[in-house]
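Just below is one structure, and these are the notes that go with it.
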Amino acid sequence: MYELLILSALIVRDRTGYKLRKILEGNLEPRRQISNGVMYPMLHKLEKAGYITLEVKLIKGRTQKLAKITPSGIDHFEALMHTPIAMDAKRESNFRFKFRGLGRESVGFQRTVLNDYRDATTADIDAYRGVIGHLRNILTDASKQVDVSWSLRTLQLALRVSQTRLAWVDEQLKAMDGLADDAHFTAVPKITTESEENNRE
């Protein structure tokens, strides 16, 4: 689904491979670096399929390739947006990629994607709670504490991350309350930085 994020970024404007690589890195979960050896073959594959064009341009005194989406690329973007997300190890990144493109979709579709994410996150929370319950039962044997204590702490972290994700989904769904399914929702959220939070205290 890397293609989805690349095409979503190119719908906004033409971009260099370097900029697309940075966008991709910033949206992966967990965050990681993408090498040129991964990025450029992906761009050439999209070009070969007719979804983008790569033009050599002089940008800030340097010759660079600039990627531009084609009408076929826009159609492919729409098809990818409406492809269900597999519940596998790439699920979190794929949802994030899809979230980036939601502004171009109707409220009904936005709600569907958010509710799918909510269901997946709720399933994670239920699974974490089940394992926590199992480990707590093991703790009745004091000799197991050395093996279980950090497992419980790690599960506590996973549970809190999932609860934060769930709260975020509910916040987005609440912001759409009262909107018709065929409406468009592109309101800009208020983002509070850490320094702004500290100034309020």
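These numbers come from a predicted model, not from an experiment. Keep in mind that the numbers below use all heavy atoms, side chains included, and drop hydrogens, waters and symmetry copies.
Of the inter-residue distances, the one linking F99 atom CZ with L114 atom CG reads 5.5 Å to the nearest 0.5 angstrom. In this structure, R96 CZ and N27 CG are separated by 7.5 Å, a value rounded to the nearest 0.5 Å. The CZ atom of R100 sits 5.5 Å away from atom CG of L5, with the distance rounded to the nearest 0.5 Å. The distance from atom CD1 of I6 to atom CG of L80, rounded to the nearest 0.5 Å, is 10.5 Å. Taken from CE in M176 to CZ in R111, the straight-line distance is 6.5 Å, to the nearest 0.5 Å. Considering CD1 of I11 and CZ of F77, their distance stands at 4.0 Å, rounded to 0.5 Å.
Taking the side chain as every heavy atom from C-beta outward, D75 and Y51 never approach each other to under 4.5 Å. Here the side chains of E105 and E78 are in contact, with some heavy-atom distance below 4.5 Å. Contact annotation: the side chain of L135 approaches that of I138 to within less than 4.5 Å [non-hydrogen atoms, C-beta and beyond]. The shortest side-chain heavy-atom distance between L139 and L152 falls under the 4.5 Å cut-off. With contacts defined as side-chain heavy-atom distances shorter than 4.5 Å, the pair V113/I85 does not qualify.
Hydrophobic clustering, defined by side-chain heavy atoms of Ile, Leu, Val, Met, Phe, Trp and Tyr closer than 4.5 Å, leaves W150 isolated from every other such residue.
There is no path of hydrophobic side-chain contacts, each under 4.5 Å, that joins L157 to L166. Neither I125 nor W168 shares a network with the other; the hydrophobic side chains, linked directly or stepwise wherever heavy atoms of I, L, V, M, F, W or Y lie under 4.5 Å apart, form separate groups for each. Hydrophobic clustering of Ile, Leu, Val, Met, Phe, Trp and Tyr side chains at less than 4.5 Å, counting indirect connections, keeps Y117 apart from V161. Under the 4.5 Å side-chain heavy-atom criterion for grouping Ile, Leu, Val, Met, Phe, Trp and Tyr, F185 is not connected to V12 through any hydrophobic cluster. Cluster annotation: Y18 and L43 are assigned to distinct hydrophobic clusters (Ile/Leu/Val/Met/Phe/Trp/Tyr, side-chain heavy-atom contacts under 4.5 Å, transitive).
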Apply side chain to side chain contact (heavy atoms under 4.5 Å, CB included) to L10 and L46, showing your working.
CA-CA 12 Å; L10 291 176; L46 289 170; 5.9 Å; no
Between L102 and M81, is the side chain to side chain contact (heavy atoms under 4.5 Å, CB included) condition met? List the steps.
CA-CA 8 Å; L102 278 183; M81 281 297 290; 3.9 Å; yes
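Partners of E171 by salt bridge (Lys or Arg N to Asp or Glu O under 4.0 Å), not counting sequence neighbours: none found. Checked against ring-ring contact (aromatic ring centres under 6.0 Å, His included), H184 has no partners two or more places apart in sequence or in another chain. In this structure, the ring-ring contact (aromatic ring centres under 6.0 Å, His included) partners of F109, at least two apart in sequence or on a different chain, are H82. Remark: D170 pairs with R118 by the side chain to side chain donor-acceptor pair (under 3.5 Å) rule, at least two apart or across chains. Take D116 and apply the salt bridge (Lys or Arg N to Asp or Glu O under 4.0 Å) test, not counting sequence neighbours, and it matches no residue. The side-chain contact (heavy atoms from CB on, under 4.5 Å) test applied to R136 returns I132, not counting sequence neighbours. Partners of R15 by salt bridge (Lys or Arg N to Asp or Glu O under 4.0 Å), not counting sequence neighbours: none found. Under the side-chain contact (heavy atoms from CB on, under 4.5 Å) criterion, E47 pairs with H44, I52, L54, not counting sequence neighbours. Applying the salt bridge (Lys or Arg N to Asp or Glu O under 4.0 Å) rule to K45 yields the partners E3; only residues at least two apart in sequence or on another chain are considered.
Formation of a donor-acceptor pair under 3.5 Å by the K98 side chain with backbone atoms of L4 is not found in this model. Under a 3.5 Å cut-off, the side chain of E55 and the backbone N or O of L66 do not form any donor-acceptor pair.
Contact between L20 and A67 at its shortest, heavy atoms only, is CD1-CB, 4.0 Å. Listed here is the closest heavy atom pair of V107 and A180: CB-O, 3.4 Å. The two atoms that bring L7 and G73 nearest to each other are CD1-O, 3.7 Å, heavy atoms only.
Counting only residues at least two apart or in different chains, ring-ring contact (aromatic ring centres under 6.0 Å, His included) contacts with residues 127-147 are absent. Listed by first then second residue, pairs satisfying side-chain hydrogen bond (donor to acceptor under 3.5 Å, both in side chains) with a partner in residues 61-74 number zero, not counting sequence neighbours.
Checked options R91, R129, R165, R160; the residue passing with D124 is R91 (criterion: salt bridge (charged side-chain N to carboxylate O under 4.0 Å, His left out)).
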